[in-house]
2 protein chains.
Amino acid sequence: MPINSFTDYPMSWKPDRDALKRPLYLSLALLLEYDITNGFLAPGTKLPPQRELADFLDVNFTTITRAYKVCELKGLIYAVTGSGTFVSPNAARSITISKDKISSECIDLGFVASFEQTNPIVAVAAKRVMEKSYLEQLFDYNDPTGKPHHKIAGLNWMSAFGIQADIENMAIVSGAQNALAITLLALFEPGNRIAVDIYTYANFIEISKMFRIKLVPIPGDEYGMLPNELENQCLQLDVHGVFLMPSCSNPTSVMIPENRKKELAAIIRKHNLILIEDDIHAFLTAGIIENYGQPMFQLLPEQTVYICSTSKSICSGLRVAYIVFCDAFKEKIIKAIFNINVKTSSLDAEIITELILSGKANAIVEEKRQLAQSANHLFTEFFPRPLHTGHPLSFYRWIPISDNVNASRMESYFLNKGIRVFHSDRFLSGASTKDNFLRIALASTNSMEELQRGLKILKENLGKNTDV
Amino acid sequence: MPINSFTDYPMSWKPDRDALKRPLYLSLALLLEYDITNGFLAPGTKLPPQRELADFLDVNFTTITRAYKVCELKGLIYAVTGSGTFVSPNAARSITISKDKISSECIDLGFVASFEQTNPIVAVAAKRVMEKSYLEQLFDYNDPTGKPHHKIAGLNWMSAFGIQADIENMAIVSGAQNALAITLLALFEPGNRIAVDIYTYANFIEISKMFRIKLVPIPGDEYGMLPNELENQCLQLDVHGVFLMPSCSNPTSVMIPENRKKELAAIIRKHNLILIEDDIHAFLTAGIIENYGQPMFQLLPEQTVYICSTSKSICSGLRVAYIVFCDAFKEKIIKAIFNINVKTSSLDAEIITELILSGKANAIVEEKRQLAQSANHLFTEFFPRPLHTGHPLSFYRWIPISDNVNASRMESYFLNKGIRVFHSDRFLSGASTKDNFLRIALASTNSMEELQRGLKILKENLGKNTDV
DNA sequence: GCATTTGTTCCTTTACATTTG
DNA sequence: TCAAATGTAAAGGAACAAATG
């Protein structure tokens, strides 16, 4: 029975006792989900402590634990022992980022495309593929993990980034996101934990939610995730994996230097984590950036799933990525590939292969690099101060902002001004922070002129958007 | 403390008490998984009852419940209230079916391909696509759910099967299996139950396991799933969905007649299930088979996810399927598409579209139908008696066998004889049965002559494979 | 620095439903 | 027909761990 009085300290959430049906915990979880998705409980709201709410509802406190857990696995709330339970920053909305649904008058500085101006080169390669004597063999079920010459071309391509692997330890999949889905399905289970940067790839956050995998946010500095912070979490929690983009993290554009990679690798090895290394930006880094060494896969080949997509470097529409793994992961990953994809289109893989073998892929990369350089140069003209560290050729920039309205309103405000930008809350893997940033995509406009117009709008309206 | 004596009635599984660590249930689940995957516990073995094992290990019986549940969600075991807990038929091996890993001397009557002899027509269409003025636009991130003209062609294609839908209620995905993965991820949660035929599509069983979705086997007859059996299960359990292939079930080749569809639809409506309708064989049925009416989607548009792959009908290597859904499912499905695929290759979709709009897709279908007719005709020459009912143009046949050795040994036996066939155990959604069948693929050989050789080997060796 | 607050984990208790004989 | 066997589901209890003040 209730023993406290709640009149003096009203609880942030008072579910209707009479609305509860058996099973109590599910009924309660549904009520909570309803109130969050309908905006009655704003992001960041502290929910009543388990024992207090249990007292109020006259149930055992572990019933509240269960109800809260259902919502936590859906990503609606998060809990911190000692502090309380809070509504997630992105609880009420999907943060999935895609090219869909944006008005044509709007300049897109949100979604990160890949300087699509290079696609005429792809068209030429596609036409050359049509002359192949074995063209028809690209249209059947054979070679579900990739034809041997596709795989060899992939290994060849990745060797420039420092990857040494055998044809037996790789497969062709349909893009980096597809590779992440496959990896999570193959090697993780619902309830497993993966360590990530505090700000990380939004679609990785979303797919983790969908697979009921918990993310453990690890603080970082200008050189990336902090090894001792990772170690702390591993000592406290049962962490199964870690997700990193060492060549150029998304969204922060942080590049992890070699010594930091080694420190992180030591922790990852010590705690036997599975490292998911998304190296989609390798082509902007390996052989380009001074002192760049090698992917972390080479440091931890037995514990790493290395993902190398060609979407950003070669062609975004063909959906081809390479996934590299050790023998221990092989069977599980290939099974997941069969169950999610059956196979990746051999035609798409053939065109990518043609581009690689003919050297045109390198020409594309060179052109994209120059476009990236120009775009970054343009960006620094608008935002000259050293607002950030990060990769000099990044396809996006990460800027701190003083505006402190909520993320949705911020994004809407800029949409109304004619540009789409993404607020840092979209990329939050855990609790809200005081800091606010914007991620500005540089690779998605049709021209530098359009990018310039977009950046102008951004600069003119930054800082004007502050609540009380 | 233990109160019974176990010497007289030895338990089928006696885990080592001292090997248990805390948490007990996880430790126990791991032991069980190890003993099953390493063959110490054969498929079909009855495990000790929860209370008996609890007594033996001196723990509470719900601790056993939890340990068993972990293994059940992994598909290793299944439990029947009142009867006991049993090792699953396919616990120790992956039943995922793919084109991978088969020696080249072997005639493949296992994996169901799609009479790949029609692929030269696809090659011609691919070349024509290269002449399109908008070719380059097929290589970017745009239109992640499909370009409008791709979708319109898809609706056009499906209209021949009786589908009426709006362009807003469909998307292009990368094949039927991909569509199933997307549907399960979008609309179901771990622990949910989906009703299926006792024998069902093996890769659906596998992906359900991976997503921790429980399958509820429903008995059927020559006209498909029995409505009253479905109703019974819905009354007893919380069933969330049902998976059907009404045009031609895999592996049984059963075609559901119109009145049965209506009866099933009534139950599905009454219990508000989500129907997953895999209509990959529509092209062999709609407009071909007498008295064929329409897909179940048209009976239950608000509750059905309709999946129409072009892999079997047009081209297997291009990985294009259409997925049709109501408004209520739309947001979730599109989010799942973004998180698993980002998008499907627009080039692949364009080639399929070209084939459809030029009428060549119909020519391919006509050729495949004729090949299917020849193959079925050949089959009946070898197996003349009415061994089965089922679709007359099916790409595979389902035959009862008297041989009663276990599934793996049976398949190995035939592999040694030079043909690959699949035993019915691969397709079991639940408990083992006394009956044994083989699924014989007719659409995977390079020629009718090769099929004939394969069927000859099959016939010569059937029935010779019986233990004791 | 330690008591308090708060969340986590897992085992136990209780009630119940189905199958079998 | 009904009791026994067997599995299922939810909620309670107890011990623990982290963060707070």
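Because only heavy atoms are used, hydrogens play no part in the values below, and waters and symmetry mates are left out as well, while side chains stay in. In what follows, chains carry the letters A, B, and so on, assigned in the order in which the sequence lines appear, proteins first and then strands, with residues in each chain numbered from 1.
Nucleic acid contact for B/Leu26: none, since no nucleic acid atom lies under 4.0 Å from a heavy atom of the residue.
Of the residues A/Pro217, A/Ser249, A/Ser424, the one that meets the side chain to side chain contact (heavy atoms under 4.5 Å, CB included) test with A/Tyr199 is A/Ser424.
Looking at B/Pro89 and B/Phe427, their side chains never come closer than 4.5 Å, going by heavy atoms from C-beta outward. Residues A/His240 and A/Glu189 fail the side-chain proximity criterion, which asks for heavy atoms closer than 4.5 Å.
You'll find that the side chain of B/Val80 is closest to C/dT19, out of D/dA10, C/dG7, C/dT19. Closest to the B/Ser83 side chain, of the nucleotides C/dT19, C/dT6, C/dC11, is C/dT19. Residue B/Pro49 has its side chain nearest to D/dG7 when only D/dG7, D/dG12, C/dC11 are considered.
With rounding to whole Å, A/Arg51 atom CZ is found 16 Å from D/dA19 atom P. When the C1' atom of C/dT18 is taken as reference, atom CG of B/Asn232 falls 13 Å away, rounded to whole Å. In this structure, A/Tyr78 atom OH and D/dA19 atom P are separated by 14 Å, rounded to whole Å. The CD-P distance, from A/Glu72 to C/dT6, rounds to 17 Å in whole Å. One interatomic measurement links the two molecules: CG of A/Leu73 to P of C/dT8, which rounds to 11 Å at whole-angstrom precision. Here the C1' atom of nucleotide C/dC11 and the CG atom of B/Leu57 are 14 Å apart, to the nearest Å.
Of the possible polar contacts, one joining the A/Asn90 side chain to the A/Asp425 backbone as a donor-acceptor pair under 3.5 Å is found.
Taking the centre and axis of the six-membered ring of A/Phe211, the NZ or CZ atom of B/Arg212 falls outside the cone set by 45° and 6.0 Å.
Residues of residues 60-69 of chain A that place a heavy atom closer than 4.0 Å to DNA chain C, in numerical order, are A/Phe61, A/Thr62, A/Thr65, A/Lys69.
Judged by closest nucleotide on DNA chain D, B/Gly82 is the one of B/Arg193 and B/Gly82 placed further toward the 5' end. Map A/Gln233 and B/Lys46 each onto its nearest nucleotide of DNA chain D; the residue landing nearer the 5' end is B/Lys46.
Phosphate contact (OP1/OP2 of C/dC10, side-chain N/O of B/Tyr25, threshold under 4.0 Å): present. Regarding contacts with the backbone of D/dG7, a side-chain N or O of B/Thr85 is found under 4.0 angstrom from either OP1 or OP2. Between A/Gln50 and C/dT5 there is no side-chain N or O to OP1 or OP2 distance below 4.0 Å.
In this structure, the separation between CG on A/Leu32 and CD1 on A/Ile64 is 10.0 Å, given to the nearest 0.5 Å.
Pairs engaging residues 60-71 of chain A under the side-chain hydrogen bond (donor to acceptor under 3.5 Å, both in side chains) rule: A/Gln50-A/Thr65, A/Asn60-A/Thr62 [sequence neighbours left out].
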